[in-house]
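Single-structure report; data block below.
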Amino acid sequence: MLEINNIKAKSTAILLSVIFIFLILLSVLIIFIRPIKETKLAANIQNVLDQKEEKRYQVGKTIDLQLPIAVSTSFFELTDSMNKGQENFALITRITGINGPMAVVFVGNDNSIEFSGIAGIANTQANPLEYGLTSTMIHHWKTVLSEAYKRGIEKWTKNHIFCI
């Protein structure tokens, strides 16, 4: 009886050790992969914006908004050579259209947000309707993303104290 309990305890300890090691490896992978993912997303946004208007925009650092929408949407700081005094942002998100999900790029500021193009295709400035994205879908996402950005920035500023 004691021998059976000892075997169960050993097998349980081994199983828990394997699970613990797996979780540590997974955590390390996530930590190392995140910067690579952000770099690739920023490059995709830059490609869309360069095809729209070359040398006008420069994609910057990631804006870390702690919102549920940030799981599938990445926000980035954006420098606009035509509006240097204004804080702008760019984002890439998945929109499910008639033909399935598409990665799209939007550019905005505190007042408005505009559709910029479809990422991951050769002609990022193609008519969105050709890829199953209607103007109603785009308008809906403009509203959702604009509100999410405002909520995220508001939440971020409440959680950070600025020192002068």
Side-chain angles (χ1 to χ4, degrees), residues 25-164:
L25 289 173
L26 190 61
S27 299
V28 168
L29 280 174
I30 289 171
I31 290 169
F32 285 116
I33 289 175
R34 182 171 289 153
I36 296 168
K37 174 188 164 196
E38 289 174 359
T39 302
K40 292 203 179 264
L41 289 173
N44 277 322
I45 293 172
Q46 190 68 56
N47 181 41
V48 170
L49 298 177
D50 284 347
Q51 284 191 31
K52 183 176 183 179
E53 221 173 316
E54 193 167 353
K55 297 187 183 191
R56 177 178 175 182
Y57 298 105
Q58 183 61 45
V59 179
K61 299 185 310 184
T62 302
I63 302 171
D64 187 24
L65 301 180
Q66 299 296 320
L67 295 171
I69 198 167
V71 171
S72 62
T73 303
S74 294
F75 292 84
F76 291 85
E77 294 176 354
L78 186 68
T79 305
D80 181 356
S81 63
M82 296 182 90
N83 300 315
K84 291 190 182 207
Q86 193 171 39
E87 289 187 25
N88 297 304
F89 66 90
L91 64 91
I92 187 167
T93 191
R94 261 188 328 257
I95 293 179
T96 302
I98 297 167
N99 300 338
M102 300 292 300
V104 295
V105 175
F106 289 89
V107 171
N109 54 42
D110 290 338
N111 303 321
S112 67
I113 187 170
E114 294 302 320
F115 175 79
S116 292
I118 303 170
I121 60 174
N123 180 11
T124 64
Q125 299 304 304
N127 183 355
L129 194 54
E130 292 176 20
Y131 291 90
L133 299 174
T134 65
S135 58
T136 305
M137 290 173 185
I138 292 171
H139 178 72
H140 166 74
W141 280 100
K142 283 171 43 174
T143 305
V144 168
L145 294 167
S146 179
E147 290 302 316
Y149 178 76
K150 289 175 186 173
R151 273 194 324 268
I153 291 297
E154 195 174 286
K155 184 178 177 182
W156 188 87
T157 53
K158 283 182 183 177
N159 293 333
H160 291 79
I161 299 172
F162 294 99
C163 299
I164 299 176

- line: L25 meets the side chain to side chain contact (heavy atoms under 4.5 Å, CB included) criterion, sequence neighbours left out, with I21
message: Test your reading of the model: is there a side-chain donor-acceptor pair from Q58 to the backbone of S81, 3.5 Å cut-off?
response: no
message: Is it the case that the side chain of Q46 and the backbone of Y57 share a donor-acceptor pair, with hydrogens and angles ignored and the cut-off at 3.5 Å?
response: yes
Minimum heavy-atom distance [X]-[Y], with the two atoms named:
X	Y	result
S146	I113	CB-CG2, 3.8 Å
S74	L41	OG-CD1, 3.2 Å
I121	A126	CD1-CB, 4.4 Å
E87	N109	O-CB, 3.3 Å
A42	V59	CB-CG1, 3.9 Å
I92	A119	CD1-CB, 3.8 Å

Enumerate donor-acceptor pairs with a distance under 3.5 Å from any side-chain N or O in residues 130-137 to protein atoms, sequence neighbours excluded.
residue, atom, partner, partner atom, Å
T134, OG1, M137, N, 3.2

- request: Apply the test side chain to side chain contact (heavy atoms under 4.5 Å, CB included) to residues K52 and T124: give CA-CA distance (whole Å), side-chain angles for both, the deciding distance (0.1 Å), then the verdict.
  value: CA-CA 8 Å; K52 183 176 183 179; T124 64; over 6 Å; no
What distance separates [X] [atom1] from [Y] [atom2], expressed to the nearest 0.5 Å?
X	Y	atom1	atom2	answer
S116	Q51	OG	CD	12.0 Å
T39	N44	OG1	CG	11.5 Å
T73	I63	OG1	CD1	12.5 Å
M82	N88	CE	CG	12.0 Å

task: Could you tell me whether the side chain of F106 reaches within less than 4.5 Å of the side chain of I138, counting heavy atoms only?
output: yes
- prompt: Under 4.5 Å between any side-chain heavy atoms of Q125 and V48, yes or no?
  reply: yes
query: Parallel, tilted or perpendicular: which describes the rings of F75 and F89, with under 30° parallel and over 60° perpendicular?
result: tilted
task: Give a yes or no on this: more than 12 heavy atoms of other residues, nucleotides or ligands lie within 6.0 Å of atom NZ of K150.
output: yes
Heavy-atom neighbours of H139 NE2 exceed 12 at 6.0 Å: no
query: After noting the C-alpha distance and the side-chain angles of V104 and T93, does the key distance pass the side chain to side chain contact (heavy atoms under 4.5 Å, CB included) rule?
result: CA-CA 6 Å; V104 295; T93 191; 4.0 Å; yes
field: salt bridge (charged side-chain N to carboxylate O under 4.0 Å, His left out) partners for E77, two or more places apart
entry: none
query: Is any side-chain N of the basic residue among R56 and D80 closer than 4.0 Å to the acidic one's carboxylate O?
result: yes
task: Might you work through the side chain to side chain contact (heavy atoms under 4.5 Å, CB included) test for I69 and L145, ending with a clear yes or no?
output: CA-CA 8 Å; I69 198 167; L145 294 167; 3.7 Å; yes
